[in-house]
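Below, each value reflects all heavy atoms present in this structure, side chains not excepted, and no hydrogens, waters or symmetry copies. Atoms within a ligand are numbered from 1 in the order they appear, just like the ligands themselves. Here the structure is a predicted model, which is why all the values come from computation and not from measurement.
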Amino acid sequence: MDINFEKSALLEIDVQNDFCPGGALAVADGDKVAAPLNGLARRFAAAGAPVIATQDWHPAGHCSFASTGRAAGEGEVLWPDHCVQGTAGADFHPGLDLRPVTLILHKGFRPSLDSYSAFFENDRKTATGLAAYLKGLAVDTVYLGGLATDYCVFFSAMDAVKLRFTVYLLRDAVRGVNYPEGSVEKALSAMESAGVILL
Ligand code: VGL
Ligand code: ZN
């Protein structure tokens, strides 16, 4: 793969224990994204290019947890308790090499607001600061992988397109929840239609 490291960043989305087999919100084969991400991250690091790892980072009792007893809004999905700050489930999967990572970004830490995207929270207005960070480094192209294809990877990719980054999705470095059934296929075709380049 020919990469312009001067203008590119690698985004490793939510490669955390709770999204891997045995975790609270396990994604099938979620742990398999680590190896391809590591290979690419080492190439970015060797070139001095930014590698950002995001961490879903919820306080206990977070609004996205079904355990709150809250009714889900229209089209909203509530989840089992997952990625609670400071727990083993919130830790990065041990297979993810953190040495090449230049920035760890926590998201979803506000009690009453969730954040699927690495760029904007689910109110679609509150910035995480990632766009400003990347613009500050003169990055115009992002390579994306991680978990989950149909949620955090999807929303991150769509926001990156809206922010006018060139966006490459690392097809072998993503896995999905696929809830509701068919959501992975739907997410992949929506990303392609929006201009995300599948690698
Ligand atoms: C995610 C559901 C809830 C994800 C995070 O990382 O895709 N999905 N929180
Ligand atoms: Zn979450």
Give one line per pair: atom of ligand 1, protein atom, distance. Only N/O to N/O under 3.5 Å.
residue	atom	partner	partner atom	Å
ligand 1	6 (O)	Asp14	OD2	2.7
ligand 1	6 (O)	Leu147	O	3.4
ligand 1	7 (O)	Ala148	N	3.0
ligand 1	7 (O)	Cys152	N	3.0
ligand 1	9 (N)	Asp56	OD2	3.0
ligand 1	9 (N)	His82	NE2	3.1

query = If two hydrophobic side chains count as joined below 4.5 Å and joins carry through other members, does Leu188 share a cluster with Val167?
reply = yes

request  = Indicate if Phe109 and Phe65 have the same hydrophobic cluster label, given that clusters are the connected sets of ILVMFWY residues with side-chain heavy-atom separations under 4.5 angstrom.
outcome  = no

Give a yes or no answer on whether the side chain of [X] reaches the backbone of [Y] with a donor-acceptor pair at less than 3.5 Å.
X     : Y      : result
His82 : Pro80  : yes
His62 : Leu113 : yes
Asp31 : Cys20  : no

Could you grab the distance from atom [atom1] of [X] to atom [atom2] of [Y], nearest 0.5 Å is fine?
X     : Y     : atom1 : atom2 : answer
Arg70 : Leu78 : CZ    : CG    : 5.0 Å
Glu12 : Phe44 : CD    : CZ    : 9.5 Å
Asp14 : Leu96 : CG    : CG    : 11.0 Å

query = Can you check side chain to side chain donor-acceptor pair (under 3.5 Å) on Asp123 and Thr126, steps first, answer last?
reply = CA-CA 7 Å; Asp123 63 358; Thr126 305; 2.5 Å; yes

key: Atoms of protein origin (N, O or S) under 2.8 Å from the Zn ion (ligand 2)   =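 Sorted hits: Asp56 OD2, His58 NE2, His82 NE2.
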
